[in-house]
Participant: 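What follows is a single structure, and I will ask about it in a moment.
Just so we're clear, the structure is a prediction, and the values are computed from it rather than from any experiment. Letters A, B, ... mirror the listed sequences (proteins, then strands); counts begin at 1.
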2 protein chains.
Amino acid sequence: MNTNQADDALLALAQSFREALRQSVYVMRRLDSEEQLSSAQLGVLKMALDGGARVGGIARNLGVKVPSATEQIIKLERAGLVKREADPDDSRAVRVAATAAGRAAVENADRRRNEFIAGILGTLSPAERDAVQAALPVFDKINHSVQS
Amino acid sequence: MNTNQADDALLALAQSFREALRQSVYVMRRLDSEEQLSSAQLGVLKMALDGGARVGGIARNLGVKVPSATEQIIKLERAGLVKREADPDDSRAVRVAATAAGRAAVENADRRRNEFIAGILGTLSPAERDAVQAALPVFDKINHSVQS
DNA sequence: TCCTAACAGTTAGGTTGCCTAAATATCAAG
DNA sequence: CTTGATATTTAGGCAACCTAACTGTTAGGA
């Protein structure tokens with residue numbers, strides 16, 4: 001039946017997709033192991049760049065619970081990369097802001113990580129790069145449907 | 001200059017790619033949280049399906065160190081999903097084989113996870129699904145270059 | 001033959017990143 | 001001025017990974 005064929009194709013695609021997900025986790029781990037700043041910390045730090053991120057917002061944005069965000073923020077604070085200060089408008093809240101060192105660390109980490117990935121992407125054919133480029137927005141969309 | 005333009009494009013693609021990687025980790029986590037069998041365990045268990053995987057081979061295949069593989073194998077053994085037996089040809093080695101319960105568990109977990117992903121993929125347009133399909137082999141290739 | 005280096009796996013101990021539940025402090029509404 | 005909601009931190013735990021050290025086995029010389 002047509003419906004079943006469609007389902008089967010979708011399930012087969014899902015299977016391949018899952019395999020790619022597994023691989024992505026591996027690549028991510030590898031990327032992290034090469035650097036000083038973990039990607040969890042980098043994520044938090046990036047959010048603190050604009051100067052006034054709140055803990056809850058950071059957590060929501062990264063898809064983790066608030067205590068997990070707090071944990072990373074404390075580590076970054078100890079490393080001198082962010083500072084925490086009371087929100088002037090709401091004393092319950094905390095504003096997390098990157099320090100100058102934090103800003104520099106983000107730039108550095110981002111550059112190094114991008115160069116690492118770019119090095120790999122550079123070995124692909126133009127057609128392959130195009131395939132990646134075309135798929136990225138779809139991956140984005142998939143992620144958002146998972147979050148919701 | 002042309003070279004710099006190419007580099008910039010590559011770095012920009014790398015940046016987007018990294019973002020997708022980050023998202024993949026999130027999706028993977030979500031997928032794991034819905035299930036009884038973690039993806040680490042599922043990976044090991046799948047490798048034990050044929051009946052005679054060795055610990056070192058499992059570890060290499062999953063991109064983890066031997067003790068990490070041992071740890072997962074022990075958990076699976078305690079759950080009755082695999083059994084460990086001495087390799088008849090080399091008493092240093094251990095053969096890890098899925099039990100009947102293990103085989104059933106793989107099928108179940110795989111089906112449920114594929115259905116979850118297929119549910120998401122089903123909301124995409126045909127063009128978007130094609131984009132994903134086209135990119136998956138490239139992702140595979142990228143993974144292999146990271147491993148090496 | 002026997003010794004030793006290489007190899008396969010396990011054990012011990014540590015790290016990171018995530019989680020839930022409970023405590024603390026503040027806000028805002030009645 | 002009390003009470004419920006909100007923002008964060010603290011405490012305690014868990015999963016998956018790692019390195020270093022240990023046990024047992026194999027295999028290649030001297």
Side-chain angles (χ1 to χ4, degrees), chain A residues 21-22 24-45 47-48 52-79 82-97 147, chain B residues 22 24-45 47-48 52-79 82-97:
Chain A
L21 280 187
R22 225 197 74 70
S24 299
V25 172
Y26 184 91
V27 174
M28 205 59 176
R29 200 143 54 211
R30 168 70 181 272
L31 210 50
D32 265 17
S33 74
E34 317 260 339
E35 299 289 336
Q36 342 42 7
L37 215 52
S38 74
S39 51
Q41 284 167 21
L42 184 53
V44 170
L45 191 45
M47 227 143 288
R54 288 170 54 149
V55 177
I58 291 172
R60 222 169 305 115
N61 229 296
L62 293 178
V64 300
K65 300 298 177 188
V66 171
S68 306
T70 297
E71 187 180 337
Q72 299 307 330
I73 290 164
I74 288 172
K75 283 182 191 169
L76 290 170
E77 191 177 39
R78 277 204 282 260
V82 301
K83 53 187 182 321
R84 285 192 283 187
E85 34 200 36
D87 186 321
D89 301 340
D90 182 347
S91 322
R92 292 171 302 177
V94 168
R95 296 261 159 209
V96 181
Q147 275 189 238
Chain B
R22 227 199 71 71
S24 298
V25 172
Y26 184 92
V27 174
M28 205 58 178
R29 203 145 51 212
R30 168 71 181 272
L31 209 51
D32 266 17
S33 75
E34 318 259 338
E35 298 289 336
Q36 357 15 31
L37 214 51
S38 74
S39 51
Q41 283 167 24
L42 184 54
V44 170
L45 192 44
M47 226 144 291
R54 288 170 55 151
V55 177
I58 290 172
R60 222 169 306 116
N61 228 297
L62 293 178
V64 299
K65 301 298 176 188
V66 171
S68 305
T70 297
E71 186 179 336
Q72 299 306 329
I73 291 164
I74 288 172
K75 282 183 190 167
L76 290 169
E77 191 177 37
R78 276 205 281 261
V82 302
K83 53 187 182 321
R84 282 193 285 185
E85 36 200 36
D87 186 320
D89 300 340
D90 183 346
S91 320
R92 292 171 303 178
V94 168
R95 296 258 158 214
V96 181

Participant: Find the distance Ile58(A):CD1 to dC18(C):C1' and express it as a whole number of Å.
Facilitator: 16 Å
Participant: Which distance, rounded to the nearest 0.5 Å, do you find between the CD of Glu35(A) and the CG of Leu42(A)?
Facilitator: 9.0 Å
Participant: Could you state the atom-to-atom distance from CD1 of Ile73(B) to P of dA16(D) in whole Å?
Facilitator: 13 Å
Participant: Looking at every non-hydrogen atom in both residues, tell me the closest pair between Val66(B) and Gly56(B) and how far apart they are.
Facilitator: CG2-CA, 4.2 Å
Participant: Counting side-chain heavy atoms from CB outward, which of dT10(C), dA16(D), dT9(D) is closest to Pro67(B)?
Facilitator: dT10(C)
Participant: With a 4.5 Å heavy-atom cut-off, do Leu76(B) and Val96(B) have their side chains touching?
Facilitator: no
Participant: Could you pick out which residue, Gly57(B) or Val64(A), lies toward the 5' side of DNA chain C when each is mapped onto its nearest nucleotide?
Facilitator: Gly57(B)
Participant: Considering just the side-chain nitrogens and oxygens of Gln41(A), establish if one lies under 4.0 Å of OP1 or OP2 belonging to dG17(C).
Facilitator: yes
Participant: Rounded to whole angstrom units, what separation is found between the CZ atom of Arg78(B) and the C1' atom of dC14(D)?
Facilitator: 14 Å
Participant: With a 4.0 Å cutoff (strictly under), does any side-chain N or O of Thr70(B) reach OP1 or OP2 of dG9(C)?
Facilitator: no
Participant: To the nearest angstrom, how far is Glu85(B) atom CD from dA8(C) atom C1'?
Facilitator: 16 Å
Participant: Is Ser91(A) touching bases, backbone alone, or none of the nucleic acid, heavy atoms closer than 4.0 Å?
Facilitator: sugar-phosphate
Participant: Starting at CE of Met28(A) and ending at C1' of dG17(C), how long is that distance when rounded to a whole Å?
Facilitator: 13 Å
Participant: If you compare all heavy atoms of Leu62(A) against all heavy atoms of Ala40(A), which two are closest, and at what distance to 0.1 Å?
Facilitator: CD1-O, 4.5 Å
Participant: May I ask you to verify if any side-chain N or O of Lys65(A) is less than 4.0 angstrom from the OP1 or OP2 atom of dT8(D)?
Facilitator: no
Participant: Within the 4.0 Å heavy-atom criterion, would you say Val66(B) contacts the bases, only the backbone, or no part of the nucleic acid?
Facilitator: base
Participant: Nearest whole angstrom, please: distance from the P of dT10(D) to the NZ of Lys75(A).
Facilitator: 15 Å
Participant: Base, sugar-phosphate or nothing for Arg84(B)? Non-hydrogen atoms, less than 4.0 Å.
Facilitator: sugar-phosphate
Participant: Do the side chain of Arg92(A) and the base of dT6(D) come within less than 3.5 angstrom through a donor-acceptor pair of N or O atoms?
Facilitator: yes
Participant: Please give, in whole Å, the distance from dC7(C) P to Asp89(B) CG?
Facilitator: 19 Å
Participant: Would you say Gln72(B) places a side-chain N or O within less than 4.0 Å of OP1 or OP2 belonging to dC17(D)?
Facilitator: yes
Participant: Does a donor on one side chain and an acceptor on the other come within less than 3.5 Å for Asp32(A) and Ser39(A)?
Facilitator: yes
Participant: It should be established whether Ser68(A) places a side-chain nitrogen or oxygen under 4.0 Å from OP1 or OP2 of nucleotide dC19(C).
Facilitator: yes
Participant: For a quick check of understanding: with a heavy-atom distance under 4.0 Å over all strands, which category does Asp90(B) fall into, base, sugar-phosphate or nothing?
Facilitator: sugar-phosphate
Participant: Describe the nucleic acid contact of Ser38(B) in one word from base, sugar-phosphate, nothing, applying a heavy-atom distance below 4.0 Å.
Facilitator: sugar-phosphate
Participant: Rounded to the nearest Å, what distance is computed from the CG atom of residue Asp32(B) to the P atom of nucleotide dC17(D)?
Facilitator: 10 Å
Participant: What distance separates Ile73(A) CD1 from Lys83(A) NZ, expressed to the nearest 0.5 Å?
Facilitator: 13.5 Å
Participant: Measuring from the side chain of Val55(A) (C-beta onward, heavy atoms only), which nucleotide among dT10(D), dC17(D), dT8(D) has the closest atom?
Facilitator: dT8(D)
